[in-house]
Amino acid sequence: MKVKVLSRSSNDYVRERVEDIHKVQRNYDPASHPFEKGREYTRALNAVKLERMFAKPFIASMEGHIDGVYAMAKHPSKLNSMISGSGDGEIRIWEISEQKTTWRVQGHRGLVSGVCAGISNGQFLSCSTDKTIKIWGEDTEAIETYTGKHAFTGLSHHRSEALFATSGGTVEVWDENRSEPIHDFAWGADSYQTVKFNMVQQNIFASCGTDRTIVLYDLRSSKPVSKLVMTLKTNAICWNPLEAYIFSTASEDHNAYTFDMRNMTSATNVMKDHVSAVMDIDYSPTGQEIVTGSYDRTIRLYNVGQGHSRDCYHTKRMQRVFAVQFSMDSKYILSGSDDGNIRLWKAHASEKLGVNDWREKNKLEYSAKLKERYGHLQEIRRIDKHRRIPKDIKVADARKKEMIAAEKRKEERRRKHLKKGEEVKNIPERQKSIVGVAK
């Protein structure tokens with residue numbers, strides 16, 4: 001008589017070297033796991049608690065400048081380096097991985113108001129309120145020096161040609177091979193705050209004026225293309241590195257705005273939460289995140305398309321933030337403030353630095369999926385959104401929300417008691433800060 005028995009090779013479920021780890025045979029039928037949702041909810045809750053527990057974004061403070069840091073830029077040829085300029089005219093190159101200065105020079109006699117990368121290998125430019133622009137290389141002597149008629153407030157270089165634009169009394173376009181500007185633009189403003197070239201549509205650049213305007217220019221037509229008038233002054237502007245027509249601005253009215261240059265009658269997004277003027281703004285190299293630095297001594301991070309910040313960074317000693325930059329790998333953020341320090345932060349507060357084991361990587365991916373799946377539930381959402389905010393900012397935020405609520409109540413009552421035939425136009429939130437568009 002033949003007896004049939006189950007025969008299974010141990011090679012199918014036992015590893016070669018570790019004898020105590022066995023392969024688990026799983027049945028994915030939902031009917032076999034009636035308590036799966038309950039277990040996953042508990043795991044998601046624990047995961048979000050651990051994330052907040054390990055959320056320590058601050059990495060290091062890079063000291064060296066003796067005056068405030070008002071300009072920063074990515075290095076043109078080194079991924080782990082950045083350039084900074086301070087109020088006393090000093091320019092430094094920092095190695096982020098070592099957190100130390102690798103090059104420094106007393107470049108200007110006035111405040112360094114702008115630094116940017118050039119197109120030549122390792123060269124970068126700087127401008128100052130002492131009416132000079134300088135091109136720097138590996139030596140501490142400037143390669144070229146240009147003198148202007150006005151104090152310069154901003155600087156940006158063309159991505160592929162030997163051209164750069166400056167802002168000041170007017171917006172000027174310079175050729176590196178000439179001592180005088182080749183174009184001079186002015187459209188009503190007494191002076192201009194900043195200027196920035198588009199990295200995708202390379203002939204387009206934008207400037208922000210003290211008369212609350214944002215002006216777009218095209219080098220091919222040698223004249224301004226369009227002008228956007230805001231209710232308050234714009235302090236900084238940056239272009240999306242992947243989407244040619246999208247740019248974001250940092251405004252004096254505590255908000256940051258995203259626009260599509262093809263239709264600027266309405267903002268595509270309004271980023272709120274700051275309680276003082278937004279001084280600088282920058283996109284991540286992926287184009288999916290935005291960082292802002294504010295006069296309220298905080299840094300906020302936004303996901304593109306969202307109106308409220310996903311994180312808020314601050315320290316006790318950090319003063320007004322005038323410059324922010326993403327690193328080239330989108331993992332780190334650098335901030336420059338008027339206390340003379342450059343601070344290094346993680347772009348994701350709870351992210352572990354260094355190499356992860358494959359099991360740890362799988363665990364983190366599983367936890368992220370659980371938080372995404374159960375993130376709409378009240379307790380998980382409450383823990384995930386909780387941030388410790390300084391008391392003065394919390395008080396200012398509460399007062400600001402109270403004022404906005406009072407304005408809404410007043411508007412509702414005005415609408416309620418209108419006479420017959422009268423009508424008050426309802427202005428959408430994304431159009432309230434826009435006065436008009438001129439071409």
When you measure from the side chain of [X] to the backbone N and O of [Y], does any donor-acceptor pair fall under 3.5 Å?
X	Y	answer
Trp136	Gln123	no
Asn341	Arg343	no
Ser309	Arg300	no
Ser128	Leu111	yes
Thr42	Gly38	yes
Arg212	Lys233	no
His348	Glu351	no
Asn269	Tyr257	no
Ser294	Asp296	yes
Asp280	Val324	yes

Glu95/Asn80 under side-chain contact (heavy atoms from CB on, under 4.5 Å): CA gap, chis, key distance, verdict | CA-CA 6 Å; Glu95 191 170 342; Asn80 67 334; 3.5 Å; yes
Atom pair [atom1]/[atom2] of [X] and [Y] - distance to nearest 0.5 Å:
X	Y	atom1	atom2	answer
His108	Ser86	NE2	OG	10.5 Å
Leu155	Ser113	CG	OG	8.0 Å
Trp187	Leu216	CH2	CG	9.0 Å
Asp273	Arg387	CG	CZ	11.0 Å
Ile204	Phe197	CD1	CZ	10.0 Å
Lys408	Glu411	NZ	CD	11.0 Å

Applying side chain to side chain donor-acceptor pair (under 3.5 Å), can you list everything that pairs with [X], at least two apart in sequence or on another chain?
X	answer
Thr102	none
Trp94	Ser84
Asp211	Thr213
Glu379	Arg382

Can you name the residues that form a side chain to side chain contact (heavy atoms under 4.5 Å, CB included) with Ile434, not counting sequence neighbours?
->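 Residues passing side chain to side chain contact (heavy atoms under 4.5 Å, CB included) with Ile434: Leu228, Met230, Phe259.
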Side chains of residues 163-174: which donor-acceptor pairs under 3.5 Å do they make with residues two or more places apart or in other chains?
from	atom 1	to	atom 2	distance (Å)
Thr166	OG1	Trp174	NE1	3.0
Ser167	OG	Thr153	OG1	3.0
Ser167	OG	Gly154	N	3.0
Thr170	OG1	Asp184	OD1	3.0

Inspect the surroundings of [atom1] in [X] and state if more than 12 heavy atoms from other residues, nucleotides or ligands are less than 6.0 Å away.
X	atom1	result
Leu377	CG	yes
Arg109	CZ	no
Met328	CE	no
Ile66	CD1	no
Gln106	CD	yes
His386	NE2	no
Asp190	CG	no
Arg415	CZ	yes

Looking only at side-chain N and O atoms, does [Y] offer a donor or acceptor that is under 3.5 Å from a partner on [X]?
X	Y	answer
Ser207	Tyr217	yes
Thr258	Ser248	yes
Thr249	Ser251	no
Thr292	His274	yes
Gln202	Ser160	yes

Starting from the C-alpha separation in whole Å, work towards a yes-or-no answer on salt bridge (Lys or Arg N to Asp or Glu O under 4.0 Å) for Arg310 and Asp384.
-> CA-CA 9 Å; Arg310 64 168 174 81; Asp384 190 36; over 6 Å; no
Under the side-chain contact (heavy atoms from CB on, under 4.5 Å) criterion, do Thr140 and Trp103 qualify, and how do the steps go?
-> CA-CA 8 Å; Thr140 55; Trp103 185 91; 4.1 Å; yes
Side-chain contact, heavy-atom cut-off 4.5 Å: [X] with [Y]?
X	Y	result
Asn362	Tyr366	no
Ile214	Lys227	no
Trp345	Ile299	yes

Describe, in one word, how the ring planes of Phe124 and His75 are oriented to each other, choosing from parallel (under 30°), tilted (30 to 60°) and perpendicular (over 60°).
-> tilted
Salt bridge (Lys or Arg N to Asp or Glu O under 4.0 Å) partners for Lys432, two or more places apart = Glu429
Can you sort out the partners of Glu90 under salt bridge (Lys or Arg N to Asp or Glu O under 4.0 Å), two or more places apart, ordered by chain and number?
->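 Salt bridge (Lys or Arg N to Asp or Glu O under 4.0 Å) list for Glu90, sorted by chain: Arg92, Arg104.
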Can you check side-chain contact (heavy atoms from CB on, under 4.5 Å) on Ile290 and Leu301, steps first, answer last?
-> CA-CA 6 Å; Ile290 293 174; Leu301 290 100; over 6 Å; no
For [range], which residue pairs pass the salt bridge (Lys or Arg N to Asp or Glu O under 4.0 Å) check, not counting sequence neighbours?
range	answer
residues 46-68	Glu51-Lys371
residues 242-262	Asp260-Arg262
residues 29-48	Glu40-Arg373
residues 123-134	none

Salt-bridged, [X] to [Y], with N to O below 4.0 Å?
X	Y	value
Lys352	Glu360	yes
Glu412	Lys416	no
Lys401	Asp397	yes

Heavy-atom pair of closest approach, residues Trp239 and Lys196 = NE1-O, 3.2 Å
